[in-house]
Each structure stands twice: as structure tokens, then as C-alpha cells.
Engineer: 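Below is the structure I would like to discuss, written out as C-alpha cells.
First the proteins, then the strands, lettered A, B, ... as listed; each starts at 1.
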There are 2 protein chains.
Amino acid sequence: MAESTATKDRLVETARKLFWNQGYSATGVAQILKEAGAKSGSLYYFFPTKEDLLREVLERYKALLMPAVMEPVFAKITDPIERVFGVLDAYRRGLLYTEFSGGCPIGNLALELSDAHPEVRRLIAENFTGWTDQIRACLDAAADRLPADVDRGQLASFVLTVMEGAVMQCRAYRSQEPFDAAIAQLRDHFDRLMRERSRSVVSG
Amino acid sequence: MAESTATKDRLVETARKLFWNQGYSATGVAQILKEAGAKSGSLYYFFPTKEDLLREVLERYKALLMPAVMEPVFAKITDPIERVFGVLDAYRRGLLYTEFSGGCPIGNLALELSDAHPEVRRLIAENFTGWTDQIRACLDAAADRLPADVDRGQLASFVLTVMEGAVMQCRAYRSQEPFDAAIAQLRDHFDRLMRERSRSVVSG
DNA sequence: GTCTATATATTGATAGAC
DNA sequence: GTCTATCAATATATAGAC
């Protein structure tokens with residue numbers, strides 16, 4: 001029973017990495033089994049189909065959001081606006097560390113699979129929502145520095161949009177320049193939003 | 001000879017649509033042949049491998065950029081800034097028309113294949129560059145309405161970043177809301193840039 | 001729960017007639 | 001250039017012993 005959980009975990013973790021690096025369709029069950037050091041009997045004991053394994057991987061990503069993505073940044077940065085840019089910088093460093101093969105695993109799967117399987121699409125959307133909820137919370141914590149009429153939910157969605165689009169271009173160009181360009185523009189946008197706020201406080 | 005060109009074109013066009021809807025790995029050669037009404041002997045007469053066919057598809061996208069993407073927008077809109085948002089709106093309408101399965105075919109392939117094949121990656125990057133070059137030209141044409149110190153190449157890259165990231169979220173949520181949110185924020189950013197310029201002209 | 005062995009379908013690609 | 005027939009490899013998945 002203890003060993004079986006270890007095997008299941010190893011299968012999910014191996015599949016997670018391979019789906020990330022190669023995509024879902026391009027990753028064969030045989031490769032997952034080989035790299036996880038397991039046999040097909042074990043995999044199909046836990047997961048009736050390859051797609052069930054994918055769903056478990058997407059559940060794992062939901063569980064990893066706070067401990068692996070947000071909390072390491074939040075532990076080092078307290079200012080809520082800087083937390084947003086700290087999260088973005090973590091993705092930037094991930095790109096550099098993986099020589100532009102990394103990026104965002106959810107984004108990859110979103111474009112590959114959003115049409116195919118409804119349940120999978122729902123889990124991808126839930127991963128996005130978990131991410132933007134955290135960004136949204138940062139923006140709410142900095143509400144007094146932003147114009148009162150800013151739609152913070154919309155702005156949080158925009159932050160994810162910018163991150164995903166920037167990662168995509170960096171992978172195509174194998175360069176961090178598109179990311180740096182995107183962050184520079186997003187930072188400029190935030191600066192202008194916060195400048196307006198400080199003006200309206202003075203004049204109001 | 002005339003017929004052979006027709007067959008080749010049909011194969012490329014069929015592959016283009018299938019790669020767009022299903023991805024490269026998920027599309028089998030057999031399906032391409034069936035929907036193009038051709039046999040494997042024809043396909044492998046023109047293309048030694050499936051990847052050669054993909055490269056031809058990416059060349060076709062480069063050829064389609066002006067007639068299929070830019071010119072229809074430019075024909076209706078003359079203001080350079082509005083041309084930028086007109087191009088973005090065309091993608092938005094494409095998403096709605098395809099019920100969120102459409103989006104940007106290059107973006108899909110970028111995340112699926114940028115790591116795998118160097119030649120393919122280069123062609124994807126060239127497609128991105130062709131797109132941003134057109135946006136860049138619009139921004140240059142409106143240079144007198146933007147702050148003098150704005151990096152217009154960086155801003156053009158940012159426009160693509162926003163488009164691609166927005167399309168991705170729309171497909172995951174099957175909703176146009178993330179796109180509308182992104183455009184609202186980008187429009188706000190442009191408005192603030194242009195407002196700064198008009199202030200500096202008055203004060204300078 | 002994990003193993004071996006295997007089923008069945010499909011993959012990308014080839015050979016050779018026409 | 002296009003056809004038919006087919007290859008070898010790989011795909012996901014299953015059966016049944018242990």
C-alpha cells in the first residue's frame with residue numbers, strides 16, 4: 001500500500017514532466033513507464049486511460065500552485081505590486097534556466113488540448129483561475145495605490161495574458177527579449193495607473 | 001503537371017487546417033490523405049517526411065499574413081493606431097466565429113514544437129516577426145502621437161504578446177472575456193501613452 | 001499492486017506497378 | 001504523378017499469473 005502510492009506518485013510526476021517537455025500527444029505511455037521505472041500493469045491499475053493520467057497531472061498542478069509558484073515569491077517580497085512582478089520574474093528565470101524550453105506547462109496544454117476533452121479543458125481553466133486569483137489578491141491589497149475605477153479582476157487576467165504571451169514568444173525566439181519587452185510595458189502601465197492614483201489623491 | 005500542383009496545394013491546405021484544429025502530433029498522415037482526397041504515394045512524392053509538410057504549411061502562413069490578416073483590416077481602417085486594434089479585433093472575431101477553437105495557428109505550433117525541430121522553430125519565429133513588423137509599421141506611422149522615448153519595437157512585441165496570451169485564455173475558458181479584458185487594458189495603456197505625448201507637446 | 005505477454009489499431013514511411 | 005499494397009515500429013490498452 002505504501003509502495004503503491006509511491007509508484008502512483010512517480011507515474012504522475014514522470015508524466016507531468018514529459019507532458020511539459022514534449023506535449024501530451026507526443027508523449028507515449030511506454031516512455032512514461034520506462035522513465036518512471038514501472039510496467040503498464042501498474043499504470044493501468046491506477047489510471048484507466050492516458051487521459052485519466054493527464055487529469056491527475058492537472059490536479060497536481062493545482063496543488064503545486066501555492067507551494068511551488070506563489071509562496072517562494074511571497075516569502076521574499078511583501079509589497080503586493082512587487083509580488084506580481086516577482087511572480088513574473090520567476091517565470092522569466094524559469095525560461096532562462098531551461099534554455100527556453102520551460103515556460104508555463106498549463107499554457108502548453110491549454111493550446112494543445114482545450115478543444116479536445118471537456119474535462120481537461122475545465123481543469124486547465126481552473127489552473128488559470130487559481131493563478132489569477134492570487135494576482136487579484138495582490139492587486140486588492142494594493143487597491144489604495146490604483147485608480148478607484150480600475151477593474152482589478154480584469155487587470156489580473158491581463159497579467160496572466162502578458163505572462164503567457166511573453167513565454168510563447170521567448171520559446172519561439174529562444175530569447176528572453178520578448179519577455180523583457182512585455183514586462184517593461186506592463187511595468188509602465190502599472191506605473192501610469194499608480195501615478196494617476198497619486199494625482200487624484202492630491203487633487204481630490 | 002497542372003494537376004500535380006493542385007494536389008500539392010490541396011495537401012498543404014488540408015494539413016494546415018488539421019494542424020490548426022488538432023495540433024501537429026495529434027494529426028495523422030492518414031487523416032490528411034483522406035480529407036485531401038489523395039494517397040500516400042502523392043504526399044511522399046512531394047514531401048519526404050511529415051515535418052517537410054509542416055514546414056510548407058508554415059511557409060504558407062507567411063504568405064497568408066498580408067492578404068488574409070493585415071490587408072482586410074488595413075482596407076477598412078486608415079488610422080495607424082486603430083489599425084493595430086483592428087487586427088486584434090479580427091482575432092477576436094475569429095475566436096467567436098470558431099467558438100473558441102480558432103485563435104492563432106502559429107501560437108499553437110509555437111508551444112507544441114518550438115523545442116523539437118530547429119528549422120520549424122525558425123519558421124515560427126519568422127511568422128511572429130512578420131506579424132510584429134506590420135504592427136511596428138503602424139506604430140511608426142503614429143510616432144508623433146506617442147511619447148518620443150517609447151520603444152516602438154518593444155511595444156509591437158507587446159501587442160503580439162497580449163494577443164497570444166488573450167487567445168490562450170479564451171480557448172481555455174471558452175469565453176471572449178479574457179480577450180476583452182486584455183484589449184481594454186491595452187487600450188488604456190495606449191491612451192495613457194498618447195495622453196502623455198499630447199501633454200508634452202503642449203508644455204514643450 | 002506489480003509482473004509478463006500480448007492484443008489490436010494506427011503510426012510514418014516505402015516499393016513498385018502504371 | 002498517382003496508384004495499391006505493405007512494411008516495421010509504435011500507439012494505447014488488456015489478460016491473467018503471481
Engineer: Can you tell me if A:D52 uses its side chain to pair, donor with acceptor, with the backbone of A:T49 under 3.5 Å?
Structural biologist: yes
Engineer: Quick one: B:F46 CZ to C:dG12 P, roughly how many Å, whole number?
Structural biologist: 19 Å
Engineer: The side chain of A:T7 is closest to which nucleotide in this list: D:dC3, D:dT2, C:dT2?
Structural biologist: C:dT2
Engineer: Within the side chain of A:Q169, is there an N or O that forms a donor-acceptor pair under 3.5 Å with the backbone of B:S157?
Structural biologist: yes
Engineer: Figure out the CD1/C1' separation between A:I32 and D:dT10, and round it to whole Å.
Structural biologist: 14 Å
Engineer: Rounded to the nearest angstrom, tell me the gap between atom CG in B:L43 and atom P in D:dT2.
Structural biologist: 11 Å
Engineer: State which residues pass side chain to side chain donor-acceptor pair (under 3.5 Å) with B:S101; sequence neighbours excluded, sorted by chain then number.
Structural biologist: none
Engineer: Could you tell me the separation between the CG atom of B:L33 and the C1' atom of C:dT10, rounded to a whole number of Å?
Structural biologist: 13 Å
Engineer: Whole angstrom is fine here: how far is it from CG in B:L18 over to P in C:dT11?
Structural biologist: 12 Å
Engineer: Which pairs pass ring pair (Phe, Tyr, Trp, His ring centres under 6.0 Å) with one or both residues in residues 50-90 of chain B, sequence neighbours excluded?
Structural biologist: B:F85-B:F190
Engineer: Can you tell me which residue pairs pass the salt bridge (Lys or Arg N to Asp or Glu O under 4.0 Å) test with a partner in residues 173-184 of chain A, sequence neighbours excluded?
Structural biologist: A:R92-A:D180
Engineer: Looking only at side chains, do A:T27 and A:Q22 share a donor and an acceptor under 3.5 Å apart?
Structural biologist: yes
Engineer: Would you say B:R152's side chain and B:R136's backbone share a donor-acceptor pair under 3.5 angstrom?
Structural biologist: no
Engineer: So, OP1 or OP2 of C:dG1: does either fall under 4.0 Å of a side-chain N or O from A:Y45?
Structural biologist: yes
Engineer: Could you list all the side-chain hydrogen bond (donor to acceptor under 3.5 Å, both in side chains) pairs where at least one residue sits in residues 77-86 of chain B, not counting sequence neighbours?
Structural biologist: B:D79-B:R145, B:E82-B:R187
Engineer: Quick one, give me the B/S/- string for nucleotides 11-18 of chain D, reading 5' to 3', where B means a protein heavy atom under 4.0 Å from the base and S means that only happens at the primed atoms, P, OP1 or OP2.
Structural biologist: SSBB----
Engineer: Check the distance between C:dA15's C1' and B:K39's NZ and give it to me in whole angstrom.
Structural biologist: 17 Å
Engineer: What are the two closest non-hydrogen atoms of B:K8 and B:F47, and how far apart are they?
Structural biologist: CE-CZ, 3.9 Å
Engineer: Could you check how far CG of B:D52 sits from P of C:dT14, rounded to whole Å?
Structural biologist: 11 Å
Engineer: Would you please enumerate the stems DNA chain C participates in, each stem being three or more consecutive Watson-Crick or G-U wobble pairs with both distances under 3.5 Å?
Structural biologist: C:1-7 with D:12-18, C:9-18 with D:1-10
